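Below: the structure, in structure tokens.
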Amino acid sequence: MSADELVALVCCDLGAIVRGRALLSSALDDGLAEGVSWVPANHALTPFGPIAEPNPFGSTGDLRLLPDVATRVRVEDDGASALDFILCDIVETDGRPWAACPRSFLRDTLALLESELGARVLASFEHEFQLLLDAPPALAFSLEAQRRAAPFATRVMSSLLAAGVEPERFLAEYAPHQFEIPLAAAEGLASADRSVVFREVVRDVARRLDTRATFVPLLDPSQAGNGVHLHISLLDAGGRSLLYDASRACCLSRLGEQFAAGVLRHARALSALTAASPISAARLTPHRWSAGAVCLAERNREALLRIPPLVTLGGGDAERQLRLEYRGADATANPHLALATILLAGLEGIRERLPAPPILDRDPAELDAADAERYGVGALPSSLEQSLEALAADDTARAWLGPLLYEAYISVKRAEIDAASGRELEENCRRYAAIY
Ligand code: GLU
Ligand code: MG
């Protein structure tokens, strides 16, 4: 590595944009110890550019971006400038965590689950994205589509491997030029870090090939959207699954049922943090195989919470596989905030020993009102505005964030709603595709 390369010290902001400052690699040692300067109002920057007004920060205050060197990503490519960055916590100038830092919020949440339940979180974020190409798309899941994606397909996999995020498969997905690359599960904080790293590496590989990868929740409203599905398991100190109980329905333990019930109870408020843009709700409509309704189901891609199949073929270990999949997120959500708030909703369900949610065995859109009631099937908010109202009305969920993070988040989201209002969905999808 030569001395004149740049290493970026970055954080993922409330609009899931990765921002920060870069150092010469020769100055990195100082940067590791004292971080680089940061400004509170940066947390009120909107994805469209301007700072959201009003916001809780104004022009005052100073912070530091403090790098967590374990997250360093360095991906070299054919002598071009390497992608080199380190994820940071946002801290006060004396090193105390800043009250609105999403990464510290997740770390605190994980510590709470550990102290209250003795639980370690294992999670993975499953992303879909699309390449913006003019060529006609090949058929979904076809070998032809994978081969036409060369050399992107192999380069992206090797870059993701180099970045340490453990890509598992490459899928040519259902929408035009849409792809999905599941990652191996990792410990809670690392799983959300991987989600940030994943998007940047994918975008970078596409950029180097003179194309663009977009994680926009919906590129074309007439097509399938790009989801982010969070797969969550809870383990005890000995590594045994706290969600698994072979004697119960779908092998979901009593604790797992309570966790699921908590997520469903707070689902509408959660959507403000997981389906975080003005176009996100349009993806979460029936028959897009995203999440058409607030319910729990096994192997059913219309449910907000899914229990994926336990594959015992080839000696597969069902206990290790059991997880809950939250399908209602997209890449406009900050992954640390999304995971933390889903976990806190689940923890509430456990604290309150909520009854088991029914496990739906059919398409939620086809239920009549009585059956919807019986299966506990509810609707997701149909706009970000409604999601923010649900968050405002959910005292418990608001309290998770604390006043500063809540206020900052609301100012950014209100500014986004204003910037999107009065425009057609198609146009807003295009605008978001240019950003994400
Ligand atoms: N594209 C779907 C979504 O928006 C997900 C399809 C699937 O992989 O099950 O979430
Ligand atoms: Mg998919």
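Everything quoted here is computed from the prediction, not taken from an experiment. Whatever order the structure lists ligands and atoms in, that order sets their numbers, starting from 1.
Screening residues 224-253 for ring-ring contact (aromatic ring centres under 6.0 Å, His included), with sequence neighbours left out, gives no hits. The ring-ring contact (aromatic ring centres under 6.0 Å, His included) pairs that include a residue from residues 245-290 are H266-W400, where partners are two or more places apart or lie in different chains.
Using cut-offs of 30° and 60° for the angle between ring planes, the F179 and F152 rings count as tilted. Under the 30°/60° scheme for interplanar angles, the aromatic rings of F198 and F215 are found to stand perpendicular.
Here CG of L132 is found 6.0 Å from OG1 of T214. Values are rounded to the nearest 0.5 Å. Between atom SG of residue C295 and atom CG of residue L305 there is a gap of 8.5 Å, rounded to the nearest 0.5 Å.
Every protein residue with a heavy atom nearer than 4.0 Å to ligand 1 is included here: E128, E173, E180, G225, G227, H229, R283, R288, W289, S290, R301, R327.
Looking at D204 and R208, a side-chain N of the basic residue comes within less than 4.0 Å of a carboxylate O on the acidic one, giving a salt bridge. Under the 4.0 Å criterion applied to side-chain N and carboxylate O atoms, R148 and E144 are assigned as salt-bridge partners.
Near the Mg ion (ligand 2), less than 2.8 Å away, sit the protein N, O or S atoms E128 OE2, E173 OE2, E180 OE1.
A cation-pi geometry, defined here as NZ or CZ lying under 6.0 Å from the six-membered ring centre and within 45° of its normal, holds between R431 and F48.
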